[in-house]
Each structure stands twice: as C-alpha cells, then as structure tokens.
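Just so you know, ligand 1 is whichever comes first in the structure, and atom 1 is the first atom listed for that ligand.
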Amino acid sequence: MPCEALSGTARVPGDKSISHRALMIGVLAVGESEIHGLLEGEDVLRTAAAMRALGAEIARGDDGAWRVWGRGIGGLSAPEDVLDMGNSGTGARLLMGVLASHPLTAVMTGDASLRSRPMARVAGPLAEMGARIDAREGCRLPLTVVGTGDAVPIRYRVPEPSAQVKSAVLLAGLNAPGKTTVIEPQATRDHSELMLRYFGADLDTEETDEGLVITLTGQPELTGRRVRVPADPSSAAFAAVAALLLPGSDVCLPDVGINPHRGGLYETLREMGADLSFAQRREEAGEPVADLLVTGGSLTGVEVPAARAPSMIDEYPILAVAAACAHGTTVMHGLSELRVKESDRLAAVARGLAACGVTVEEGADSLTVHGVGGRPRGGATIASGLDHRIAMSFLVLGLAAEQPVTIDDGSPIDTSFPGFVDLMTALGAKIVSGTGKP
Ligand code: S3P
C-alpha cells in the first residue's frame, strides 16, 4: 500500500547462496561445522533435508546455530526416497554436482517452477565427469543421477555465465583425482571458491585471455569450520530500494554481504543518484561484509551494460521498480538468463510494470523502462508465478505507487526471505495480508 518514509535498522536474513554452500560443504568436510545466521528459508531447508536424506547429521541448536557433522568427501549414502528440492535451482544444481561423484543413485524433483527449468547446463559437464543423468524431456526434473566413484576431472568452459554450473562442476571435482578446471569467460559469484578454500581445499584462480580459470585439486581433506553467514544483499535490495523511493527515509541494513560479484545493483543505484553507502567494512568466513546505509531521494534513469548482468542477475526485477519511479529512461542489456529463473522474469517484470501504468519495452534480452519521475499509478494485481523476487519487487512498487498493488500469492517469499512483511512493517511499510491483517 502507498506509504511515506521508512526508518530504522533491520537485519535481513542470511545469504541464500552461502547458506546452501555452507550446508553442502560442511557435510563434505570431516568433523563438526557450526553455521550461524543460516537462511531458514524454504530453499535452504530443502537442501538441509536432502543432505540428511543422504546420511548427514544436521541439527539446529536452541541458540539458532546449525551444526553439521561432516561425512567427508565421498561419504554420502543413497537416499531412500526422492529428493524434493522445492523451488530451488541452486539447491538442485549444486546437489547434482555433489551426487555426480558419489557411487549412488538419487532421484530429484521440485515444484512446478523448478520442474520447468533447464538442467542440461549441469548434466552436460557432469556426464563428461562420468555420471549418468536420466531426465524428463528437455532435461527437466524429475531426474535421476547415477553417480560414479571414479569421477574424471575435466576442464570445462562454462558457456553461460552461471555460478550454479561452475559450482556443480567444482563440487563434483572434489571427489575426482587430479585437477578439475572451470573457465569462466564472465566471472560470476565466487562463494563456492571462497568457502571451499575456507574449509581447506586447494583452489587456484587465474585471470587469462580466455577468462577466469579456476583450478581445484581433487580429494582434499576438508575440515569442519565455523561459518557466519552474511545478510543477503539480494534480500537487502528490497528494503534498500523501498527506502530510496520514499523521500525522507533513513534505513540501516547491518551485516550485508558485499562480495563484488554481487554488487551490480548497488553500483547501478549509485549511478542513478542514490544516497547509499557501506559502513564498517569487515570480513566473515572469507566473505566481505558491511552495514548498508540508505537515504531516500530521487533517482535518474541510466543504461545498464550487459557486462554487469552476472553481478546483479537476481536484482533486475527490483531495479526495474526503481527505474519505474526514476526520472528518465533506464535501459538494461544482457538479460537472457532472466528468462530461465524461477519464472520468466523479463516477461513478468514487463507485464507487471505495464499493468501498474509504466511504459516499458521488452526486448529478447533487454528491458527499457520509462520512469514516471515519482509515484507510478499502481493499482494492479500481479501474479507471482511461484517467483519470490517478482512478489517482493511488486510489493515494493506498491509502497511507492499512488494506488495499492496486490500480489495474488505471497507464499513464494518464504523461499528466500522469511519474515519479509514483518521486517518491512517494522521499518514503516504498509503491507497487509489477504486477511486484511498486517
Ligand atoms: C546462484 C546463482 C545464480 C542466481 C541464483 C543463485 C548461486 O544462478 O540467479 O539465485 O547461488 O550460485 P545462475 O547460476 O543460474 O546464474
């Protein structure tokens, strides 16, 4: 619902990418790992359940910390039932990598969104390493991974910028003798590399003419560690943009991960004139972290280059909302990967903005948003389409619009940002549920 300034301090939940990796790598280590600030969203809980089904012992303490008793590399056992990864592409694809180099058979499925997403990008390199992946037509879930105890280390050039594909190959490479190499023409988030190193893996990276070359030495002994998961910059983005769009706002979001491979949105918002800064920079478990300070003000449209896409791939829906309220036009390039996220985000954003009275042009892999220079009309009902980021982005638009925006189904928000409505409400936002209660 339309509202005035936001103010206060709020810690958004733990980083989704890092949480999945902490659980998986913790299970592959020897000894106990303790994870603080794990995201307790549905996606990550599905990963925890899958790791338990593969024989791992994982428990949440009364102090909120998660403890993982590692099985060691190669130590997983075959699950007795289908692994249901819910809505999570990261959970599914990274786990495929882990399973590929274990001598076991596992069947994996997910919700309607995940079952529609392409898995060939992961199945291809994992098959080269010796695993067999039998999938539904179009290489979609449900699928069966027949892993191998004799995985072959490969040299793999990732054709599309995808941290999930890179990570799947590296995780499979953990149980392959010798060196597994991944080449990234365009660098993507490096949480897997940072965490593997933090747990003791031998991993080198080198910038070359081909791109970033990442080399992992197989069969290391990983040792259980203490991990503190930073607040998720992709979740902080919703509160930050809401604050920017509501003049007079003054918000602090502590402990946010500021990994440069995730920083594209914040760079773009600054170019648009946002008053946004990072204070108290520090490091947690190999990841850079800071407190994000945001002050409301007016924004101006910009051109966002395709090269920036990997560092803000999950943030285009909320950037498009900021662009809708900005003065002038924003053009975003290099968006083809948005079409294979939890929904076709390019189409969903274009459709949703148009329904809210904003003029947009949807290209094959670009989006042009003509900002209204203030509050857009709003007043539409948006289908979230099992996509948490579409739901949250349009709720933020509703705060900054003239008329309320309704989301048909807010339940997907819990996959990545449990407590979203409460946190936003505490900052002064007006979001009411279907029952009419806040
Ligand atoms: C993720 C990588 C990205 C991103 C996703 C999380 C990860 O996906 O969209 O939300 O944790 O590795 P792609 O690898 O498909 O770009």
Legend entry - Ionic contact status for Lys166 with Glu193, cut-off 4.0 Å: yes

Only distances under 3.5 Å count here; give the side-chain donor-acceptor pairs of residues 168-177 to other protein atoms, sequence neighbours excluded, each with its distance to 0.1 Å.
unit_1, atom_1, unit_2, atom_2, d
Asn175, ND2, Ser101, O, 2.7

Legend entry - Heavy-atom donor-acceptor pair, Arg140 side chain to Ser116 backbone, under 3.5 Å: yes

Legend entry - Test: Asp202 and Arg197 ion pair at under 4.0 Å: no

Inset, instruction - Identify whether the distance between the nearest side-chain nitrogen and carboxylate oxygen of Glu210 and Arg157 falls below 4.0 Å. - result: no

Inset, instruction - Examine distances only and state if a side-chain atom of Arg115 and a backbone atom of Gly110 form a donor-acceptor pair shorter than 3.5 Å. - result: yes

Contacts table for ligand 1: protein N or O within a distance under 3.5 Å of ligand N or O, distances only.
unit_1, atom_1, unit_2, atom_2, d
ligand 1, 8 (O), Gln164, NE2, 3.3
ligand 1, 8 (O), Lys341, NZ, 3.1
ligand 1, 9 (O), Asp314, OD1, 2.7
ligand 1, 9 (O), Asp314, OD2, 3.4
ligand 1, 9 (O), Lys341, NZ, 2.7
ligand 1, 10 (O), Asp314, OD1, 3.4
ligand 1, 10 (O), Asp314, OD2, 2.7
ligand 1, 11 (O), Ser17, OG, 2.7
ligand 1, 11 (O), Arg21, NH1, 2.8
ligand 1, 12 (O), Arg21, NH2, 2.7
ligand 1, 14 (O), Ser162, OG, 2.7
ligand 1, 14 (O), Ala163, N, 3.0
ligand 1, 14 (O), Gln164, N, 2.9
ligand 1, 15 (O), Lys341, NZ, 3.2
ligand 1, 16 (O), Lys341, NZ, 3.2

